[in-house]
Asks: 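So that we are looking at the same thing, I have put the structure below in structure tokens.
Every chain is numbered from 1, with letters handed out A, B, ... down the list of sequences. Note that the coordinates shown come from a computational prediction; the quantities given were computed from them, not determined experimentally.
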Amino acid sequence: MLVRLGYVAMSMSLQNASPSQTMTHSQFIKIPDREAAIRKLERIAKSNLKNCLRLLRHNVANDIEFFRLTSKIIPLANHEDVKDWNYIRPLAEELSEVKEFLLAHPKMRVDFHPDHFVVLNGEDTDVLKSSLKTLGMHRKLLMGMGIPPEHRCVLHVGGVYNDKEKALEQFIHNWGLIPESIQRLIMLENDDTSFHVEDVLYLCEKLGIPLVFDIHHHLANHENKDWTLYWERILNTWKHSALPPKIHISSPRSEKEFKAHAEFIEPSLLLDFFHSIKGSVEQVDCMIEAKRKDEALFKLVHDLEKEASIEWVNKAAFTL
DNA sequence: CGTTGTCAAGTAACA
DNA sequence: TGTTACTTGACAACG
């Protein structure tokens, strides 16, 4: 079984390489010349994309083939005040540079985790509409980068609204209202407070959505702590995907702040997990969610180096 | 130059 | 009913 390690959004080792510089709405409206303000948004977005490419180069240099892009590349992209702004056209050059790079490195897996304002299971149609708009932006970015958009956006189920059963059924209802091109983007992840892996499996199996298993969330929120009870079903949700299953791993910051992410990853948790699913699948991509980003990945690899049960295929992937 | 408060958006917990 | 955390960085304002 091959395990590739990845990390999230930004690097602690590259200087001045933020892919998520921004302009807030209040800054935007303070600029009297609206055209100038929009050009400034465009300059920021271009710089963010250039830095995404720098991050991808950094990843290749370190054998890292799995990476989550930030969802903050284009500031205010879905804001009401700039709804006439075609934010993709001015980014054509930067997007095609990323596209060329990814074409030259076809093993690189890149995806998004749109933030928690994207909610698909509410009764409020305005919330659904703005969520679809935000997902549309993600899709346009993926298309611009030449990435097949299938299964590139991981989301949580959404809100409980005091009735979890009803909230799950509302997800199914809303799913029918979502264009197929957007449906295909989506993966669903178990969360740490509301929808545990059994809930998410119910939706994923019914609707044909791949399930991203988050170990840390599972430890915080479960019916049954033993994930091996669910693992075969989780794998099955990936049966029709062109991509290998992916999981998330993070360590609790402390006993008291259990749900918060720690700076680094506890290697024993990762080893336990992969030993318990050993042989069940050819490849799993494992997203490291730690405050220290790529440094946490490097430290994890270092910590695992003396581990005899695994064999390194490069600086960021191993087999067992 | 270092520190503090704010940011477009949703939900839930808590006062 | 209103405030804050979530996860969290970026940036402006302030000292």
Asks: For B:dT6 and C:dT3, measure between their C1' atoms and round to the nearest Å.
Replies: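 Their C1' atoms lie roughly 15 Å apart.
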Asks: Provide a list of protein-nucleic acid N or O atom pairs under 3.5 angstrom, restricted to nucleotides 10-12 of chain B.
Replies:
unit_1 : atom_1 : unit_2   : atom_2 : d
B:dG10 : N1     : A:His116 : NE2    : 3.2
B:dT11 : OP1    : A:Tyr161 : OH     : 2.4
B:dA12 : OP1    : A:Val160 : N      : 2.3
B:dA12 : OP1    : A:Tyr161 : N      : 3.3

Asks: Suppose we call two aromatic rings close when their centres sit under 6.0 Å apart. Are A:His156 and A:His113 close by that rule?
Replies: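 Centroid separation for A:His156 and A:His113: below 6.0 Å.
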Asks: With the threshold set at under 4.0 Å for non-hydrogen atoms, list the residues of residues 210-220 of chain A touching DNA chain B in residue-number order.
Replies: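 Residues of residues 210-220 of chain A under 4.0 Å from DNA chain B: none.
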Asks: Using atom types as modelled, flag every donor-acceptor pair under 3.5 Å from a side chain in residues 91-98 of chain A to any protein atom, sequence neighbours excluded.
Replies:
unit_1  : atom_1 : unit_2  : atom_2 : d
A:Ser96 : OG     : A:Ala92 : O      : 3.4
A:Ser96 : OG     : A:Glu93 : O      : 3.1

Asks: For atom P, what is the distance between C:dT7 and B:dC14, given to the nearest Å?
Replies: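 Result for the P pair: 15 Å, nearest Å.
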Asks: Roughly, in whole Å, what's the span from CG in A:Asp192 to P in B:dA13?
Replies: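 It works out to 11 Å between those atoms.
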Asks: Verify the distance criterion only: is there a donor paired with an acceptor across the side chains of A:Ser18 and A:Gln21 at less than 3.5 Å?
Replies: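 No - no donor-acceptor pair under 3.5 Å links their side chains.
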Asks: Does a side-chain N or O from A:His261 land closer than 4.0 Å to OP1 or OP2 of C:dC6, or not?
Replies: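 So the side chain of A:His261 is outside the cut-off, no N or O lying under 4.0 Å from OP1 or OP2 of C:dC6.
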Asks: Should the heavy atoms of other residues, nucleotides or ligands under 6.0 Å from CG of A:Asn162 be counted, would the total exceed 12?
Replies: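 At most 12 heavy atoms, drawn from other residues, nucleotides or ligands, come within 6.0 Å of this atom.
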Asks: Determine the interplanar angle of the A:His216 and A:His261 rings, folded into 0 to 90°, and report it as parallel if under 30°, tilted if 30 to 60°, perpendicular if over 60°.
Replies: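 Tilted: the ring planes of A:His216 and A:His261 meet at 30° to 60°.
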Asks: Using the C1' atom as the reference point in each nucleotide, state the distance between B:dC1 and C:dT8 in Å, no decimals.
Replies: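 That atom pair is separated by 23 Å.
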Asks: A:Glu150 versus A:Leu243: any side-chain heavy-atom pair under 4.5 Å?
Replies: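 The answer is no; the side chains never approach within 4.5 Å.
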Asks: What string of B, S and - do you get for nucleotides 9-15 of chain C 5' to 3' if you count protein non-hydrogen atoms under 4.0 Å?
Replies: SSSSS--
Asks: Which part of the nucleic acid does A:Asp81 contact within heavy-atom distance under 4.0 Å: base, sugar-phosphate only, or nothing?
Replies: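 Result for A:Asp81 = nothing.
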Asks: Contact between A:His138 and A:Val118 at the side-chain level, heavy atoms closer than 4.5 Å - yes or no?
Replies: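 Result no, sub-4.5 Å side-chain heavy-atom pair not found.
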Asks: So which nucleotide does C:dG2 pair with, by the Watson-Crick or G-U wobble rule with both distances under 3.5 Å?
Replies: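 Across all strands, the one nucleotide that pairs with C:dG2 is B:dC14.
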Asks: Extract from the structure each pairing of a protein N or O with an N or O of nucleotides 2-7 of chain B at less than 3.5 Å, listing the distance.
Replies:
none

Asks: Please state how far atom NE2 in A:His113 lies from atom C1' in C:dT7, giving the value in whole angstrom units.
Replies: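 My rounded result for the distance is 10 Å.
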Asks: Is any side-chain heavy atom of A:Glu282 closer than 4.5 Å to one of A:Leu2?
Replies: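 The answer is no; the side chains never approach within 4.5 Å.
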Asks: How far, in whole Å, is C:dG9 from C:dA5 if one measures between their P atoms?
Replies: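 Approximately 15 Å lies between the P atom of C:dA5 and that of C:dG9.
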Asks: Give the rounded distance in Å between these two atoms: NZ of A:Lys259 and P of C:dC6.
Replies: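 Spelled out: NZ on A:Lys259 to P on C:dC6 is 10 Å.
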Asks: Quiz question: by atom type and distance under 3.5 Å, do the side chains of A:His105 and A:Asn59 form a donor-acceptor pair?
Replies: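 Side-chain D/A pair, A:His105 to A:Asn59: absent.
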Asks: Atom CG of A:Asp124 and atom P of B:dA9: how far apart are they, to the nearest Å?
Replies: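 Those two atoms, CG and P, are 14 Å apart.
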Asks: Could you pull out every donor-acceptor pair under 3.5 Å between side chains of residues 167-179 of chain A and any protein atom, sequence neighbours left out?
Replies:
unit_1   : atom_1 : unit_2   : atom_2 : d
A:Glu169 : OE2    : A:Tyr202 : OH     : 2.7
A:Gln170 : NE2    : A:Asn174 : OD1    : 3.0
A:Asn174 : ND2    : A:Leu120 : O      : 2.7
A:Asn174 : ND2    : A:Gly122 : O      : 2.8

Asks: So do the side chains of A:His151 and A:Lys246 get within less than 4.5 Å of each other, counting heavy atoms only?
Replies: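 No - every pair of side-chain heavy atoms lies 4.5 Å or more apart.
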Asks: May I ask which nucleotide in the shown strands pairs with B:dA9, Watson-Crick or G-U wobble, both distances under 3.5 Å?
Replies: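 B:dA9 is paired with nothing.
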Asks: Examine distances only and state if a side-chain atom of A:Arg57 and a backbone atom of A:Phe101 form a donor-acceptor pair shorter than 3.5 Å.
Replies: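 No, A:Arg57 side chain to A:Phe101 backbone: no donor-acceptor pair under 3.5 Å.
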Asks: Under a 4.5 Å cut-off applied to non-hydrogen side-chain atoms, are A:Leu69 and A:Phe67 in contact?
Replies: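 In contact.
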Asks: Between A:Phe273 and A:Trp231, does the ring centre distance come in under 6.0 Å?
Replies: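 Yes; A:Trp231 has its ring centre under 6.0 Å from that of A:Phe273.
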